[in-house]
Amino acid sequence: MNNDVEIRTSPIEGLGIFAVRPFRNGQRIRQINVVREVTSDSPLREELGERADHCDYPNGKIVLLGLPDRHVNHSCNPNAYVLYECDRSFLVARRDIAVHEEITVDYNINITGGTAWPCHCGATRCRGTVVGDFFLLPLGIQREYRSLLAEWFVRAHRDRLEALGLI
Ligand SMILES: C[S@@+](CC[C@H](N)C(=O)[O-])C[C@H]1O[C@@H](n2cnc3c(N)ncnc32)[C@H](O)[C@@H]1O
Ligand SMILES: [Zn+2]
């Protein structure tokens, strides 16, 4: 783990990650730490504290995230997003981030068919629910997030995105 972010108790939920230095809009905050791919041969080991909600789901895979990235909370007005680049992923600032700000992403990007649950992000524009599905977001938010979609997600959902006028 580098010293640019740290894990602290979050007003959103449990633990979150917080900026220890400022970041500029568009700046890569850090490469996301992946422990391993979760497969039938290497399943999650709950007895060791491994949790499904500490996983990411890129391009049909399941990967267990390491520290500190497994503690990134969701916000309906996130200051960061996940950039996928070949087999690596990065947390990237989507606006300037000040020291001590919690670093958040919107979990509804690059996902379909997830479970919905109540959101406690506290943002003025909180939608109240983490719907777990990009296509269930309001169209205005889908438009706002269009440039943040991963290439693999756009490839997999080209028809639906075209129908919405997003590509
Ligand atoms: C990747 S973990 C984030 C870190 C988590 N706070 C922790 O302490 O490990 C995802 C889990 O955090 C919680 N969470 C994240 N964002 C939330 C939000 N906006 N509202 C409510 N719970 C949230 C949910 O329990 C979710 O399953
Ligand atoms: Zn919210």
Side-chain angles (χ1 to χ4, degrees), residues 1-20 23 28-39 42-84 87-95 97-146 148-150 152-153:
M1 203 188 311
N2 63 25
N3 293 324
D4 291 348
V5 300
E6 67 183 15
I7 299 168
R8 284 192 225 148
T9 302
S10 164
I12 298 177
E13 196 277 336
L15 299 175
I17 81 167
F18 293 79
V20 169
F23 296 96
R28 291 183 187 208
I29 297 167
R30 51 175 284 104
Q31 183 175 341
I32 291 175
N33 177 16
V34 171
V35 176
R36 67 165 200 284
E37 187 173 352
V38 177
T39 62
S42 180
L44 273 189
R45 297 191 56 188
E46 286 174 13
E47 72 278 14
L48 298 183
E50 295 179 353
R51 290 168 35 178
D53 70 348
H54 286 165
C55 291
D56 189 23
Y57 300 83
N59 202 9
K61 288 191 272 188
I62 306 174
V63 296
L64 178 63
L65 302 179
L67 294 174
D69 310 289
R70 59 174 54 173
H71 294 303
V72 175
N73 278 321
H74 161 92
S75 172
C76 299
N77 189 16
N79 55 15
Y81 69 99
V82 179
L83 171 70
Y84 295 91
D87 279 344
R88 299 184 303 168
S89 55
F90 298 85
L91 266 180
V92 180
R94 68 184 287 264
R95 58 175 175 264
I97 298 175
V99 176
H100 302 310
E101 252 191 85
E102 180 165 359
I103 294 167
T104 55
V105 301
D106 192 319
Y107 289 3
N108 301 298
I109 299 175
N110 299 319
I111 184 171
T112 53
T115 310
W117 41 273
C119 183
H120 301 146
C121 77
T124 315
R125 68 174 202 178
C126 178
R127 298 181 297 272
T129 306
V130 180
V131 287
D133 193 321
F134 177 79
F135 294 101
L136 294 180
L137 291 171
L139 184 57
I141 303 286
Q142 291 172 337
R143 287 202 183 104
E144 185 179 320
Y145 289 160
R146 163 62 190 99
L148 309 184
L149 291 177
W152 53 262
F153 186 87

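Both ligands and their constituent atoms are indexed starting at 1 by order of listing. Nothing here was measured: the structure is a model prediction, and the numbers come from that model.
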Under-4.0 Å heavy-atom contact with ligand 1, by part of [X] that carries it:
X: R51; value: side chain
X: D53; value: both
X: V130; value: neither
X: P118; value: backbone

For [atom], grab the closest protein heavy atom and report residue, atom and distance to one decimal in Å.
atom: atom 23 (C) of ligand 1; answer: W117 CZ3, 3.4 Å
atom: atom 7 (C) of ligand 1; answer: H71 ND1, 3.5 Å
atom: atom 10 (C) of ligand 1; answer: Y107 OH, 3.3 Å
atom: atom 18 (C) of ligand 1; answer: I12 CG2, 3.4 Å
atom: atom 15 (C) of ligand 1; answer: N73 OD1, 3.0 Å
atom: atom 20 (N) of ligand 1; answer: H120 N, 2.9 Å
atom: atom 8 (O) of ligand 1; answer: L15 N, 2.8 Å
atom: atom 12 (O) of ligand 1; answer: E13 OE1, 3.4 Å

Between [X] (side chain only) and [Y] (backbone N and O only), is there a donor and an acceptor less than 3.5 Å apart?
X: R70; Y: L65; answer: yes
X: N108; Y: F134; answer: no
X: R95; Y: P78; answer: yes
X: Q142; Y: L137; answer: yes
X: D69; Y: I32; answer: no

Checklist entry - Do S75 and ligand 1 have an N or O pair less than 3.5 Å apart? => result no
Item to check | Any N or O of R70 closer than 3.5 Å to N or O of ligand 1 | outcome: no
Item to check | Pair R51-L44, side-chain contact (heavy atoms from CB on, under 4.5 Å): steps then yes or no | outcome: CA-CA 7 Å; R51 290 168 35 178; L44 273 189; 5.8 Å; no
Checklist entry - Taking the Zn ion (ligand 2) as the vertex, how big is the angle to SG in C76 and SG in C119, rounded to 10°? => result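 With the Zn ion (ligand 2) as the vertex, SG (C76) and SG (C119) sit 110° apart.
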Next on the checklist: Over 60° means perpendicular and under 30° means parallel, so tell me whether Y107 and W117 are parallel, tilted or perpendicular.
Outcome noted: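 It falls in the perpendicular class, over 60°.
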Next on the checklist: Is there a side-chain contact (heavy atoms from CB on, under 4.5 Å) between T9 and L15? Walk through the geometry before answering.
Outcome noted: CA-CA 4 Å; T9 302; L15 299 175; 4.2 Å; yes
Checklist entry - With side chains defined as the heavy atoms from C-beta onward, is the minimum distance between R127 and C121 less than 4.5 Å? => result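 They are not in contact (no side-chain heavy atoms under 4.5 Å apart), so the answer is no.
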Item to check | side-chain contact (heavy atoms from CB on, under 4.5 Å) between F153 and N59, worked out | outcome: CA-CA 7 Å; F153 186 87; N59 202 9; over 6 Å; no
Atoms of ligand 1, numbered as shown, that sit under 4.0 Å from any heavy atom of [X]:
X: H74; value: 15 (C), 16 (N), 18 (C), 19 (N)
X: C121; value: 19 (N)
X: G14; value: 8 (O)
X: C119; value: 19 (N), 20 (N)

Checklist entry - Within 45° of the ring axis of F90 and under 6.0 Å from its six-membered ring centre, is that where the NZ or CZ of R28 lies? => result yes
Checklist entry - Do any of the N, O or S atoms of H120 sit under 2.8 Å from the Zn ion (ligand 2)? => result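 Checking H120: none of its N, O or S atoms is under 2.8 Å.
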Item to check | N, O or S of C121 under 2.8 Å from the Zn ion (ligand 2) | outcome: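 Here the distance criterion (N, O or S atom, under 2.8 Å) is met by C121, so yes.
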Next on the checklist: Between Y145 and D106, is the side chain to side chain donor-acceptor pair (under 3.5 Å) condition met? List the steps.
Outcome noted: CA-CA 9 Å; Y145 289 160; D106 192 319; 2.6 Å; yes
Item to check | Residue pair N73, S10: steps toward the side chain to side chain donor-acceptor pair (under 3.5 Å) verdict | outcome: CA-CA 8 Å; N73 278 321; S10 164; 3.2 Å; yes
